[in-house]
Amino acid sequence: MTDVLTEELDIVKGVKALRPAHGGTCFSLVDGRPLFISGAIPGEVVDVQVRSRRSKVSYGTVAAVVEASEHRRPHVWPEGEAAGIGGVDLGHVSLDYQRVWKKDVIRDQLARVGGAQTLEHVLDAVGEEGLTVHPASDGAALNWRTRVDFEVSPRRRLAMNVEASSKLVEVESMPLAVESILDLGLFGESEWSKFFRPGRKVRVVAPNAGGRRVVVGNQVFNASGRKVSDSAQWQVSARGLREDFSVAASGFWQAHKSAPADLVERVLAAANVNEGDSVIELYSGAGLFTKFLGRELGRRGAIISIEGSKEAVANARENLRDVEVERDLRAGMVNGRSVLRAWSDLGERPNAIVLDPPRSGAGRDVVKAIGAVRPDRVVLVSCDAAAGARDIGALLEAGYRVRSFRALDLFPQTHHVEFVTMLTRTA
């Protein structure tokens, strides 16, 4: 077996994929230098087409499989695989092994990014089994996305980007989208082309309370192609309740059809609040957790939330109209200063702080402020393994200990994974 780089063809022959890496690739070594491979599976021997080099690190794509893994299967989106689109980057991996892959990545990131003691601490708290990645309550491997984003090609057709590139490729399908999105007939030449302008962004949303939406630039259309207001209606059944939400179709809502309910169940179980308690919620969006937390806190309880999007906060205020809880839903940056101000205005130490930061994580400034507030419990929702590991490590340094950890596979066929961590203060 050889692993010598052939400069003329930019092909690396006979590379052994060693382990999964954060971001959906496999880590390997060629002449002692890292090579990250898209389309491989740990343990495989593959030929690699190198597509870029950055300093001493190279990135490539499988050109041929020499020795296949038992976990390899035909790609669930052949069109996307052939075009090099990265949105279904684990589509060649069996579903069961995808979850093993994600567990290995979480473990690796806790050790590498969280700090030397973070993985050891988490394992002491929940054990190796505690890192298991669990399927969503609706465990469908395909047709789970209620929100899909595209761009418009020069021919006014839906397109997506080639992985790690600005190059657009027209697409004729999207197997992760729910059937009601696929039924709109958006792909290829269609009646929808008259609304498409080259370079525009297109978002397609299928709310579970009805009323599909197609967002083209700053215009919103219903399934019949009529302009409508920027609003989508959702229902979430969790904690024995069914709650209604109105959210901007162009705004953020969990993509997996069962993610809102699954996350509410995990977050509220971890927060463990009682009537009359108080909570600070960070990165609160349109009020998904806020509304359920408010129900449990009751009229004697209090909640202050902070969210960067004014539009999302306006949605949250409408969504919580009938919830009997003392509340202050704030639009503004989430940072150390805003967290400390919320604590001061609350007038008491909150029983819990709940935070669901973006993919970049909360960061040390916010975690330092949480450490100063010293709530009994911190509930952290992480949608990126590296950022989540970094935030957990910072919370440990701030005087907290992990008590529970639950990873959920809310992004089947992709490398993304979500986990909910509950920590309590040590003193």
Side-chain angles (χ1 to χ4, degrees), residues 110 113-122 124-125 267-274 276-285 287 289-290 293-294 296-297 300-309 312-313 316 325-384 386-405 419-427:
L110 286 171
V113 180
Q117 305 303 317
T118 300
L119 174 61
E120 181 180 346
H121 174 84
V122 174
D124 284 345
V267 166
L268 268 71
N272 192 30
V273 296
N274 299 302
D277 284 351
S278 60
V279 170
I280 293 175
E281 185 189 358
L282 310 177
Y283 315 97
S284 51
F289 301 144
T290 323
L293 283 165
E296 300 210 346
L297 295 170
R300 295 189 298 111
I303 186 167
I304 296 179
S305 67
I306 311 173
E307 162 59 38
S309 166
V313 173
V325 66
E326 183 182 332
R327 57 189 177 271
D328 184 352
L329 312 184
R330 302 180 174 185
M333 287 186 61
V334 179
N335 54 34
R337 180 178 298 179
S338 64
V339 173
L340 294 176
R341 184 182 301 121
W343 175 31
S344 174
D345 293 343
L346 188 63
E348 62 187 48
R349 196 178 308 283
N351 298 89
I353 289 182
V354 175
L355 63 159
D356 184 8
R359 212 167 288 284
S360 56
R364 289 195 172 273
D365 178 54
V366 170
V367 171
K368 182 180 178 181
I370 291 172
V373 176
R374 296 177 65 244
D376 293 335
R377 293 176 298 283
V378 175
V379 181
L380 170 67
V381 182
S382 305
C383 60
D384 179 87
R390 187 179 301 113
D391 287 342
I392 292 170
L395 283 163
L396 297 181
E397 292 177 5
Y400 282 82
R401 294 186 62 82
V402 171
R403 298 301 183 189
S404 68
F405 184 96
F419 46 94
V420 179
T421 310
M422 191 272 279
L423 306 94
T424 60
R425 57 188 171 92
T426 55

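Just so you know, these numbers use all the heavy atoms, side chains as well, and skip hydrogens, waters and symmetry mates.
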Check your understanding: Are Trp343 and Ser278 close enough that some pair of their side-chain heavy atoms sits under 4.5 Å apart?
Key -> no

Point to revise | 4.5 Å side-chain heavy-atom contact, Arg377 and Asn272 | key: yes

Practice item. For residues Leu346 and Ile303, determine if any side-chain heavy atom of one lies less than 4.5 Å from a side-chain heavy atom of the other. Key: no

Review point. Side chain of Ser309, backbone of Ala312: donor and acceptor closer than 3.5 Å?
Key: yes

Point to revise | Closest non-hydrogen atom pair between Val273 and Ala352, with its separation | key: CG1-CB, 4.4 Å

Review point. What are the two closest heavy atoms between Ser284 and Ser305, and how far apart are they?
Key: OG-CB, 3.4 Å

Point to revise | Arg337 atom CZ, neighbour heavy-atom count above 12 within 6.0 Å | key: no

Point to revise | Backbone of Arg374 reached by a side-chain donor or acceptor of Arg425 within 3.5 Å | key: yes

Point to revise | Residue list, salt bridge (charged side-chain N to carboxylate O under 4.0 Å, His left out) with Glu326, at least two apart or on another chain | key: none

Check your understanding: Ala387: what forms a side chain to side chain contact (heavy atoms under 4.5 Å, CB included) with it, not counting sequence neighbours?
Key -> Asp384, Arg390

Point to revise | CA sep, side-chain torsions, deciding dist, call: Val339, Val373, side chain to side chain contact (heavy atoms under 4.5 Å, CB included) | key: CA-CA 8 Å; Val339 173; Val373 176; 4.1 Å; yes

Study note, to complete from the structure: When every non-hydrogen atom of Ile306 is compared with those of Ala342, the smallest separation belongs to CD1-CB, 4.2 Å

Check your understanding: With Asp124, which residues qualify under salt bridge (charged side-chain N to carboxylate O under 4.0 Å, His left out), at least two apart?
Key -> none

**Study point:** Val381 vs Phe289, side chain to side chain contact (heavy atoms under 4.5 Å, CB included): CA-CA, chis, key distance, verdict
**Key:** CA-CA 11 Å; Val381 182; Phe289 301 144; 4.2 Å; yes

Practice item. For Arg341, enumerate each residue passing the salt bridge (charged side-chain N to carboxylate O under 4.0 Å, His left out) test, keeping only those at least two apart in sequence or located in another chain. Key: none

Check your understanding: Quick one: OG on Ser338 to CD on Glu307, what's the gap to the nearest 0.5 Å?
Key -> 11.5 Å

Check your understanding: Side chains of Glu281 and Thr290: is there a donor and an acceptor less than 3.5 Å apart?
Key -> yes

Review point. Between Arg403 and Met422, is there a donor-acceptor pair closer than 3.5 Å when you use the side chain of the first and the backbone of the second?
Key: no

Check your understanding: Do Val279 and Ile353 come close enough that some side-chain heavy atom pair is under 4.5 Å?
Key -> no

Check your understanding: Just how far is it from atom NE2 of His121 to atom CG of Leu110, taken to the nearest 0.5 Å?
Key -> 10.5 Å

Review point. Could you walk me through whether Leu380 and Ile392 pass the side chain to side chain contact (heavy atoms under 4.5 Å, CB included) check?
Key: CA-CA 8 Å; Leu380 170 67; Ile392 292 170; 3.9 Å; yes

Practice item. Quick one: closest heavy-atom pair of Ala362 and Leu355, and the distance? Key: CB-CD1, 3.7 Å

**Study point:** For Gln117, all residues meeting side chain to side chain donor-acceptor pair (under 3.5 Å), sequence neighbours excluded
**Key:** none

Practice item. Could you check Val379 against Thr421 for side chain to side chain contact (heavy atoms under 4.5 Å, CB included), going step by step and ending with a plain yes or no? Key: CA-CA 6 Å; Val379 181; Thr421 310; over 6 Å; no

Review point. For Gly336, does its backbone N or O pair with a side-chain atom of Asp365 as donor and acceptor, under 3.5 Å?
Key: yes

Review point. Looking at residues at least two apart in the chain, or sitting in another chain, which of them share a salt bridge (charged side-chain N to carboxylate O under 4.0 Å, His left out) with Asp328?
Key: Arg330

Review point. Within a strict 4.5 Å, meaning less than it, do heavy atoms of the Leu396 and Leu423 side chains meet?
Key: yes

Practice item. Considering non-hydrogen atoms only, spot the tightest contact between Ile370 and Val378 and give its length. Key: CG2-CG2, 3.7 Å

Review point. Any side-chain donor paired with an acceptor under 3.5 Å for Arg401 and Thr426?
Key: no

Point to revise | Nearest heavy-atom neighbours spanning Gly363 and Asp391 | key: N-OD1, 3.2 Å

Check your understanding: Is a donor on one side and an acceptor on the other found under 3.5 Å between the side chain of Asp277 and the backbone of Asn274?
Key -> yes

